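The next block holds one structure in the form of structure tokens; read it before the comments.
Numbering starts at 1 and runs along the sequence shown. These numbers were taken from a predicted model, which means no experiment stands behind them.
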Amino acid sequence: METLDAVFRKHSELEPTGKLSMLGESVCSADRLLAYARRRNPQSPDVSESYIRLGKLYGIRGDVAYCQAAYDTRWWTSELAGPDWAPQVRAQWADEEAIEIRMQMLYALATFRPFPSEAKVADDRQIAHIERSGWRGKAACWEDLSGKWSHSGNVGYGRYVVAMWRGVLEWDGQGVPPKLPVYRQEFTPSVRTAVRKTGTVDWSSFVSEQMKWLLHRQLLPVPAPHPDRKVTWEELAALLRQWENSRRPQEQKERREEDTPDVP
């Protein structure tokens, strides 16, 4: 038995499934996380300590949560691409209350346990959505976030976050930039806005009433985007103009019929 235990000993971080548990202690220091992030983007906000501290409060791996935020923002160079049901914007990157809301959402997804007594649930709308969706306690591991935190098409979301975290762990520490001044929450030209990319996959056959409605009225672009992709104001304006133009002939026909007197 001792030989078997030695061969099949339980990994200190992984579940029996081989996935990384959402709950646990951070193993990366706040300084290491920040130094790694600023190798990618020197303007990364100094929030790693908040993730470690709040992660410890909720029993969430704060270092992995930090890497998740880095993944969602492409190392803090674009708008936060979090779930549509819990919108967060760039102005909240360095907001500790927003970070705590993220921890509460992760905690609700990971466990059925009540929140820690010292925690203050600032906004329970996200928690209510998680419970209505039947997701409470259904994401015990980071890999389980795919289809919940991310849209259903991003099946590798959780694995990507874990891979980023392992990259920080394996980093040899070379090339650390000098310590920058205290980060100020302001927009600078050096922060690049992510370029909107259009894929080659056509989602027009996606089974949903909304997609079928758009497809029937020939309002979907080609190729049709994923139903969860955000729409820009310019795209919305183009869609409304297309809808207005398509309605105009029908309205003119109806108007002519109304103006035509009935012939006895």
Side-chain angles (χ1 to χ4, degrees), residues 12-13 20-83 86-111 113 115-123 126-127 141-142 145 149 158 160-188 190-191:
S12 59
E13 297 167 355
L20 183 66
S21 170
M22 184 95 72
L23 304 176
E25 296 285 338
S26 297
V27 295
C28 290
S29 68
D31 289 341
R32 184 178 184 83
L33 291 168
L34 181 61
Y36 189 89
R38 286 186 170 171
R39 289 175 65 249
R40 304 300 183 93
N41 174 21
Q43 299 296 326
S44 297
D46 189 358
V47 294
S48 55
E49 188 277 331
S50 296
Y51 275 89
I52 299 295
R53 175 168 42 82
L54 291 171
K56 186 174 183 179
L57 171 64
Y58 289 91
I60 297 289
R61 296 181 188 273
D63 51 353
V64 187
Y66 178 88
C67 292
Q68 182 199 19
Y71 176 81
D72 287 346
T73 59
R74 303 300 182 264
W75 298 104
W76 287 276
T77 61
S78 67
E79 291 293 347
L80 192 63
Q88 297 190 40
V89 294
R90 188 181 300 189
Q92 294 176 295
W93 283 356
D95 187 323
E96 184 152 327
E97 182 177 310
I99 297 173
E100 185 163 7
I101 290 174
R102 171 180 281 256
M103 291 297 180
Q104 291 167 0
M105 291 159 58
L106 292 171
Y107 184 89
L109 288 165
T111 179
R113 303 173 195 167
F115 286 99
S117 57
E118 60 269 37
K120 296 180 180 179
V121 181
D123 190 341
Q126 292 84 8
I127 309 304
C141 299
W142 290 95
L145 289 177
W149 197 282
Y160 299 149
V161 171
V162 173
M164 182 179 289
W165 172 73
R166 294 202 183 282
V168 180
L169 284 178
E170 296 168 3
W171 177 46
D172 61 7
Q174 299 297 317
V176 180
K179 189 174 180 61
L180 298 179
V182 177
Y183 180 85
R184 292 184 178 180
Q185 188 60 41
E186 59 187 5
F187 300 108
T188 63
S190 59
V191 178

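Note on ring orientation: taking the six-membered ring where Trp is involved, the planes of Trp76 and Tyr66 are tilted (angle from 30° to 60°). Ring geometry, Trp171 versus Tyr36: the interplanar angle exceeds 60°, so the pair is classed perpendicular (tilted spans 30 to 60°).
In this structure, the separation between SG on Cys28 and CZ on Arg166 is 10.5 Å, given to the nearest 0.5 Å. Here the OH-CG distance, from Tyr51 to Leu33, works out to 11.0 Å after rounding to the nearest 0.5 Å. Atom CE of Met22 is separated from atom OH of Tyr58 by 14.5 Å, given to the nearest 0.5 angstrom. Expressed to the nearest 0.5 Å, how far CE of Met103 lies from CG of Leu57 amounts to 9.5 Å. Atom-to-atom distance recorded for Gln104:CD and Leu106:CG is 10.0 Å, nearest 0.5 angstrom. Note that the CG atom of Asp72 and the SG atom of Cys67 stand 11.5 Å from one another [nearest 0.5 Å].
When all heavy atoms are compared, the tightest approach of Ala30 to Ser48 is O-OG, 2.9 Å. Listed here is the closest heavy atom pair of Ser26 and Gly62: OG-N, 3.1 Å. The two residues Ala108 and Phe115 have their closest heavy-atom pair at CB-CZ, 4.4 Å.
Not a single donor-acceptor pair under 3.5 Å links the side chain of Ser50 to the backbone N or O of Glu96. Between the side chain of Arg61 and the main chain of Gly24, no donor-acceptor pair closer than 3.5 Å is present. Within the 3.5 Å criterion, the main-chain N or O of Val27 finds a donor-acceptor partner in the side chain of Asp63.
The environment of Tyr71 atom OH is dense: over 12 non-hydrogen atoms of other residues, nucleotides or ligands sit within 6.0 angstrom.
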- Task: Take Gln68 and Trp165 through the test side chain to side chain contact (heavy atoms under 4.5 Å, CB included) and record every step on the way to the result.
- Result: CA-CA 8 Å; Gln68 182 199 19; Trp165 172 73; over 6 Å; no

- Step by step, would you call Ile99 with Val47 a side chain to side chain contact (heavy atoms under 4.5 Å, CB included)? CA-CA 9 Å; Ile99 297 173; Val47 294; 4.0 Å; yes

